[in-house]
Each structure stands twice: as C-alpha cells, then as structure tokens.
Amino acid sequence: MTIRVIIVDDQAMVRAGFAALLAAQPDIEVVGDAADGREGVELSRRTRPDVVLMDVRMPETDGLEAARQLLTADEDAGHRPKVLMLTTFDVDDYVYEALRVGASGFLLKDAPPADLISAVRVVAAGEALLAPSVTRRLIEEFARQRPAPRRTPVSRPQELTPRETEVLELIARGLSNQEIAGTLFLAEQTVKTHVGRVLAKLQLRDRAQAVIFAYESGLVAPGER
C-alpha cells in the first residue's frame, strides 16, 4: 500500500528536500506541500493524505493550530490524517500541546534521512513516534512546567487490570514493546495485546496520548524511571 504524504513547512528548501527524499521511496507518494498551517489544512482536506509532516513554528497559522484543526474535526468534516510534527528544537512546548490534541509524535528536522522515512512509515501504520529518548525528555520537561497532578493516593485507572497499568507506566517512560516485554518477562505479542487493550479501555488514539494520560493523571511523575 502506498503512503500518501503532504509536507507543511514555511521553508521552501525543507519542503523540497523532504519531498525528494520521500518520493524516492517505492511505498511513499508525496501528494502536495504547503507553506503555512492554513494552506496545509486546506491541502489535507483536498488530497486526503495518510500522513501530514507539519512544521511546529510557521507564520500565519502555526503547526499546533493546524494540527488541532485536522485532528479535532468532526467525522463529518472528512478524513483525519496522522500528523507528525517537525521541529528544530528537541524540547518545544508546542509539540507537547500537539501530542495532547492527537499528533502521532514529532521528529527533529536534522534527523538522519532514514529516521524521516521510518517515521512516516511508523505513524502511517498507526503507531506513535515515541521511542527516541528526546521524546521522553520533551514529555517530562513540560510535565514539570504544569501543576503537579494529585498523587496521594495514586491508584490505577479503574478500567485497567494491574498488568495493563504496569504496561501503561512503561509506555509513559518511553519503552518500546520489546523493552516492555523484557522488563515484565512477557512475550512481545502479549505486550502488544496489553497495549491495545489499554488504548481501547481508556479511549486513547495511540501511544502518544497514552503518555499524556499517564503524566496528567499522576500515574507517572516527571523524572521517575
């Protein structure tokens, strides 16, 4: 299946470079690009891509507002793509907010080409781009800047079993399914099943929202390992 992508960035050279790189992949088709968030939203609604690469900082309509418009639209408004935020900085409050509205993760603009290609494939498959340690730092940094959640007493979400709660805590600390399996001495397929149940029971879109939920509910505190 071909992954349809649009690129939204105010720098023409960035758009051209990313487009050339992605278009060279046999399973990826770049169906358009836009110079700001407003144009990106309009382009997305016309072309119905699978993935939107969205710059965080842009004039006019920034990436956060554009992501919010795409990801919080009513079903009647049409197709909802996966949104992958692009940023120059490894810690950015806009990115945290984008994760809250449903973005599938973020990628640094200076990441190696292979990482960009892999990121597009990962989010197109419905996963969240949360494995890199930089993402963990971002979540923790901006969790610190917000009022501390109530943590006395800390109880697991009623919807989850004790094992599912353990899995959610490890997701929030940035562990992959393979790492969770090693930590809990489970088969990786079993971990995948638990992750799916956590998302379904808490009505979360993906792992990104699971991380936000774990921090904001007080299940995990910034700096915990």
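Treat the numbers as computed from the prediction; the structure is a model and nothing was measured. These numbers come from the heavy atoms of this one structure, side chains and all, not from hydrogens, waters or symmetry mates.
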Solution key, residues 181-194 side-chain donor-acceptor pairs under 3.5 Å, sequence neighbours excluded:
{"from": "Thr183", "atom 1": "OG1", "to": "Glu179", "atom 2": "O", "distance (Å)": "2.9"}
{"from": "Thr193", "atom 1": "OG1", "to": "Gln189", "atom 2": "O", "distance (Å)": "3.1"}

Does any part of the side chain of Ile28, heavy atoms only, come nearer than 4.5 Å to the side chain of Thr2, both counted from C-beta?
no
Are Leu53 and Asp9 close enough, and set up right, to give a side chain to side chain contact (heavy atoms under 4.5 Å, CB included), and what steps lead you there?
CA-CA 8 Å; Leu53 294 180; Asp9 194 293; over 6 Å; no
Ile7 vs Val14, test: side chain to side chain contact (heavy atoms under 4.5 Å, CB included). Steps then yes/no.
CA-CA 9 Å; Ile7 302 164; Val14 171; 5.6 Å; no
Between atom CD of Gln25 and atom OG of Ser118, what is the distance when rounded to the nearest 0.5 Å?
11.0 Å
Of all heavy-atom pairs between Val83 and Ala67, which one has the smallest distance, and what is that distance?
CG1-CB, 4.2 Å
Answer yes or no: does atom CD of Glu29 have more than 12 heavy-atom neighbours from other residues, nucleotides or ligands under 6.0 Å?
yes
Atom of Gly37, atom of Met58 and distance for their closest heavy-atom approach:
N-CE, 3.6 Å
Which atoms form the tightest heavy-atom contact between Arg68 and Glu65, and what is the distance?
NH1-OE1, 2.8 Å
When you compare the side chain of Arg57 with that of Thr87, does any pair of heavy atoms fall below 4.5 Å?
no
Determine whether Val8 and Val52 make a side-chain contact, defined as any pair of heavy atoms from C-beta on separated by less than 4.5 Å.
yes
Between the CD atom in Gln203 and the CZ atom in Phe213, the distance rounded to the nearest 0.5 Å is 10.5 Å
Could you tell me which residues satisfy side-chain contact (heavy atoms from CB on, under 4.5 Å) with Ala210, sequence neighbours excluded, listed by chain and number?
Leu168, Ile171, Leu199, Leu204
Answer whether the closest heavy-atom distance between the side chains of Asp115 and Leu108 falls below 4.5 Å.
no
Does any non-hydrogen side-chain atom of Asp10 lie less than 4.5 Å from one of Pro59?
yes
Please round to the nearest 0.5 Å and tell me the distance separating atom CE of Met54 and atom OG of Ser44.
7.5 Å
Hey, is the main chain of Thr161 close enough, under 3.5 Å, to the side chain of Thr165 for a donor-acceptor pair?
yes
Check whether any side-chain heavy atom of Pro49 lies under 4.5 Å from a side-chain heavy atom of Ile6, and answer yes or no.
yes
Testing Asp55, Asp33, Asp36 one by one against Arg15 for a salt bridge (charged side-chain N to carboxylate O under 4.0 Å, His left out), which residue passes?
Asp33
Taking every heavy atom of Thr61 against every heavy atom of Ala66, the minimum-distance pair comes out as CG2-N, 4.0 Å
Identify, with sequence neighbours excluded, every residue that meets salt bridge (charged side-chain N to carboxylate O under 4.0 Å, His left out) alongside Arg163.
Glu166
Side chain to side chain contact (heavy atoms under 4.5 Å, CB included) between Val120 and Leu22, worked out:
CA-CA 9 Å; Val120 168; Leu22 294 173; 4.0 Å; yes
Taking 4.0 angstrom as the limit, do Asp27 and Arg121 come out as a salt bridge?
yes
Can Leu175 and Glu169 be said to form a side chain to side chain contact (heavy atoms under 4.5 Å, CB included), step by step?
CA-CA 9 Å; Leu175 273 66; Glu169 290 176 355; over 6 Å; no
Heavy-atom closest contact (Gly32 atom, Leu43 atom, distance)
C-CD2, 3.6 Å
Around atom CD of Glu60, are there more than 12 heavy atoms of other residues, nucleotides or ligands at under 6.0 Å?
no
Hey, are the side chains of Val5 and Asp50 touching, using non-hydrogen atoms and a 4.5 Å cut-off?
no
Rounded to the nearest 0.5 Å, what separates atom NZ in Lys109 from atom CE in Met85?
10.5 Å
Are side-chain heavy atoms of Arg4 and Thr47 found at a separation under 4.5 Å?
yes
Here the pair of heavy atoms bringing Ala119 nearest to Leu84 is CB-CD2, 3.7 Å
